[in-house]
Every structure is written in C-alpha cells, then in structure tokens.
Amino acid sequence: MRGLVADTIIRNGRVLTVNPTNDIAEAVAIRGDRILAVGSSAEMEEFRGAETRVIDAEGKTVLPGFIDAHIHVGMFGLLGHGVIDVAYPKVKCIADIQQLIREDAAKKQPGEWIKLNGYDHNKLAEGRHPTKEELDDAAPHNPVQLTRCCAHMGVYNTLALERAGVKSPDQFAPGEVVVNEDGSLHGLLKETAHMDASTKVEYTNQELIDGYVNADRILASLGVTSAHDAGAYGSVSTRALQDACLTGRVKTRINAMIFDMFGKESGKRYIDAFLRTGIHSGCGNEHYRIGPAKIMLDGSSSGPSSAVIEGYTHDPENHGIQVWTQEEADEMVMKVHRAGYQVTAHAVGDKAVTIMVNAIEKALAAEPRPDHRHRIEHCGITNPELIARIAKLGIVPISNPAFISINASDYNRYYGDRVNSMFAMKSYLDAGIITAIGSDAPITYPDPMNSLFGALNRMDQRTGDLCGAGQRVQVLDAVRMFTYNGAYASFEENIKGSLEPGKLADVVILDQDLLAYPAERVQDVKVRCTLVGGEIVYTRE
C-alpha cells in the first residue's frame, strides 16, 4: 500500500473494528469506497496527501455502519409523508387521534383515504382500541385506516370497511374480525383481515419513492448504512425501492426480502412469481440486492397476537393467532429452499418458532445445504430445546431488543416467566448462534441506540421495569450483532460489517466513547458523522 493516498482519514478515535479479535484501533484511512488501512493515527499519516480530508474523532467511538437486519424502510419513511404518525407520546388518547384525522380530512376530498400508523392501545389513556364510530365521527366522508404500532392489526371506519368488503367475521379466521357484544363490527381487524383490507388503501408511486427517500435521510442521521427491508406493499413497493436505489436517491444499502404484506395467499403468489423467474437471493450489487423469501407465521408480541404454546399469562385461554399451518410452512420452505433461496419467516411466539424450525429441519434433511443461513425474523419466544435446535441447524435469528425498550412492562404482563427466553440474545451467544439486530421500524424508531439500550439493560425506558435481565449482553457483543452479524445474515460479511482493509467504507462516528458511556444512558448517544462508501451522507450540525 506504500504510495497510496487516502481520500479521507479519521484519526484520534476509539475505533471498534469488529474484526475477528475485536481489536480497538485509533484511526481509519479510506480510499475511494473502500477501507485502505486501520491502525494508529501516526500510522495513517503514511496515507495523507495534500487533498486528503482529515476528520478528528476527538476520542469518540468510530465503528462500522449499523446494519438494521429487519426494517420496513418504506413503511417507516411514509410516516409524515402520506401517513400520519400516531405513535406514543405524539398521541396520548383517542381524542388526539380524532383531532389529527379531522385536520387531514379538511385537506382532502371526500372519498380520499386517510392513513395513520403507530398507535398503541396499551399506552392510550383509555387503554383500548378506538372504534369505527370514533373514526366515523372524525371523518364521516373519508375511508380511514388506523394501523396499530405492530402493523398486525388496525381499526377501520365504516367507509373503509365497505371499501374492503368486510361485512362479517365469518369471512376470515376466528378472531381476525373483532365484533362487539351485540354482534356488530367493532372496526378492529387483525392479521389476514387487516392485511387484506390494506390492499384497498391507495398509495401513489411518488408517495412510495418519497417515503424511501425520507427514510434514507433519517437512517443516515442514525448511523444505519445498510438495511434488510422486510417488505411492504408488494410489487409496487419493490419497484419504487429499486428506482430510488438505482437512481442514487437512496444511499442506504438495501437487502430486500421477498414479501407481500397483503396476507397469506397473496404472499404465496408473490413468492411463486419470483420462483418462476429464476432470480434468487443474492442477485444484485452492493447497493441493492435480493434477500430471503419471507412468510408470516403469526401475529405480534405486543398486540398481543403471537402464536404461543401455552396461553398468555394475563389471558390463559388466548394462544394468539397462527396464520400458517405446519403443513403449509413445510411446503413453502421446502419449495423455496430447493430453488436455492434463503428463506425466513416472521415467527414471534414459541409455537410459530417451532413451526419454522420444523420446516427448515425437514428441508435440510431432504436437501442438505451447508451454508444456507435460513433465518427467523424476531424469533421472539424460545426455550432451551428450540435454542439447541436453532444452533444445530445453523439458523440465523433476527432479534429486536428495541421491543424490550418500549414494551417490557407489557411483556411481563403477557408472557410472565417466558420473558427470560424472549429475544434470547445471551442464550444465542452461549450456544454459538449468530444473531443480528433489527429495529422493525416503523414498529419502533430505528435509532440503534434504542436497540442497544434494550440489549444492554433489558429495561422499559418508560417505566424502568426489567424484562428477562438474564439475557443482557455486553457492548462489544451488541455492536457485533448490529454490524458484522447483520452482514453475515445477508451473506455480505466479506465486504462489510467490520472495519478492515478492502471492505466497504461504511463508517459511523459517535459523539461519545461507547465503551465508557453508562449503559443505562446509551439511548442519549448521537451520531456525529455517517459515511457510506467513503461518502459523507450525514454530519451533525
């Protein structure tokens, strides 16, 4: 490398290389879109030229760009760009939601959709879901979709239910269309009923592209340089995301899952369409590539509607919603595996996780593939037997510690002692399982510091309640999960995920020394600078 001149040198930092031995360096030299060298500040002077840009990290942490291994990029980006954000604490009661609906209705023509996302009935003052009548009162002449923060259920007003063709609970599986005591429709739809109704909600191509561009801007400010997009509105979203990436409007590197959120049957058709093309996981380049085919086996952890073996602690007769049968999952996983794809599933409850582990086990027994890296998204509730099977099969679980940060108190109430093996990151480490971290935005805000807070503290930020404290991990372990392991989960660990010569220069500078900063305050750490391929895409004012 003698004689080579760096375009950028970051010096005087606490550089977490995340290399195989977790070396901590002082400086990084970048040439083009690659890391040229890593070492001491004095050693990097060898690569300094007259035009080299020098950034003083001032003793703060420098680390690989965060890789969000499970995020709905477009759905997150649409918040405030076509979809009204009603997350707590923006709204604290149903009247707050109604007011936002009224304000939007005043700007729209009758018949135009009003779309809201992010409310949590657990955190509303009323402690319940709004009703269709309350939405009707705010917007009698517009269809309204009010999606819960988990995205697995939503409330629809009368016009929206009519547009969706929902007239009776008999149209869907038990529990998916909620009814009042008198048999009338409440307005709350869950799982397939909600997903099916979502097909009637209208988005323009420009709205979708603007959503992706908005998300990209925010992710850069949070130090997220790569995202495993967990899907949205099928082919229209896929096209918009590709256009945004290929035109350079989105800088975040995208690993796009093959997933259609419009319900089980629509999702099957979407995967089958990809299988017929011959294109499979890994197709693409360093900026946009095809990831795993994804199915959705159950509901959400906070709904709660995840499929659990034993009933909920607060409601023992309730076992959640199981969307796919074991036989259906077996068939799809086998088909996708045989076609050479990576496969994954949304599986939160231990019943759903068991279904996916069984399906992967059968596929590998029929057609062994040494380095398949099949995944389980969320993999929320496990047990020692499941963890041993996941380790033996080489499955990559994607954990969501940010859920602990915002839902720990509810989890304790819903799951009882099962929280001790929920998002079981320490157990994964002990078993030699490679787990990556995803925010699942817009279900949570995609600030990696929220995920680190959950991983390090296992604490509810709002209440201070602990939740499965035995699953806490250490800072360097959590950083590896959020960087190198994310790259591993998409077969890209040879080009990113650590700061090593020859890898992509995706680099983040924080405003604190992460190794010295108190774990209980880690959510306050901010990003000072983000580089993607050596290009500065964000600088904090």
Output a table of donor-acceptor pairs, distance under 3.5 Å, between side-chain atoms of residues 64-75 and any protein atom two or more places apart or on a different chain; print 'none' if there are none.
unit_1, atom_1, unit_2, atom_2, d
D68, OD1, H70, N, 3.2
D68, OD1, S439, N, 2.9
D68, OD2, S439, OG, 2.6
H70, ND1, E377, OE1, 2.7
H70, NE2, D440, OD1, 3.1
H72, ND1, G231, O, 2.7
H72, NE2, D440, OD1, 3.2

Exercise answer: donor-acceptor pairs, residues 80-87 side-chain atoms, under 3.5 Å, sequence neighbours excluded:
unit_1, atom_1, unit_2, atom_2, d
H81, ND1, N214, ND2, 3.3
D85, OD1, A87, N, 3.1
D85, OD2, K90, NZ, 3.2

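Scanning for salt bridge (charged side-chain N to carboxylate O under 4.0 Å, His left out) contacts around K132 gives an empty result, with sequence neighbours left out. Partners of Y445 under the side-chain hydrogen bond (donor to acceptor under 3.5 Å, both in side chains) rule, at least two apart in sequence or in another chain, do not exist in this structure. Shown here are the side-chain hydrogen bond (donor to acceptor under 3.5 Å, both in side chains) partners of S421, two or more places apart in sequence or in another chain: there are none. Residues that satisfy the side-chain hydrogen bond (donor to acceptor under 3.5 Å, both in side chains) test with Y341, not counting sequence neighbours, are absent from this structure.
A cation-pi arrangement, defined by a distance under 6.0 Å to the six-membered ring centre and an angle within 45 degrees of its axis, is absent between R249 and Y212.
No more than 12 heavy atoms of other residues, nucleotides or ligands shown are found within 6.0 angstrom of NZ on K351. Within 6.0 Å of CZ in R239 there are 12 or fewer heavy atoms belonging to other residues, nucleotides or ligands. Within a 6.0 Å radius of NZ in K264, more than 12 heavy atoms belonging to other residues, nucleotides or ligands are found. The environment of K108 atom NZ is dense: over 12 non-hydrogen atoms of other residues, nucleotides or ligands sit within 6.0 angstrom.
Side chains of N450 and S405: a donor-acceptor N/O pair is absent below 3.5 angstrom, by distance only. Checked by atom type, the side-chain pair S306/Y415 shows a donor-acceptor distance below 3.5 Å. For H319 and Y312, the side-chain atoms include no donor-acceptor pair closer than 3.5 Å.
Proximity of a side-chain donor or acceptor of Q342 to a complementary backbone N or O of S490 within less than 3.5 Å is not detected. Of the possible donor and acceptor atoms, none in the side chain of R253 sits under 3.5 Å from a partner among the backbone N and O of H287.
Ring to ring, H372 and H337 are not that close: their centroids are 6.0 angstrom or more apart. You'll find the ring centres of Y203 and Y233 inside the 6.0 Å limit. Ring to ring, Y119 and H129 are close: their centroids are under 6.0 angstrom apart.
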Side chain to side chain donor-acceptor pair (under 3.5 Å) between R540 and S221, worked out: CA-CA 8 Å; R540 187 179 178 191; S221 73; over 6 Å; no
Salt bridge (charged side-chain N to carboxylate O under 4.0 Å, His left out) between K115 and E202, worked out: CA-CA 9 Å; K115 297 160 284 193; E202 298 163 352; over 6 Å; no
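Heavy atoms only, all atoms of each residue included: K200 and A164 are closest at CG-CA, 3.8 Å.
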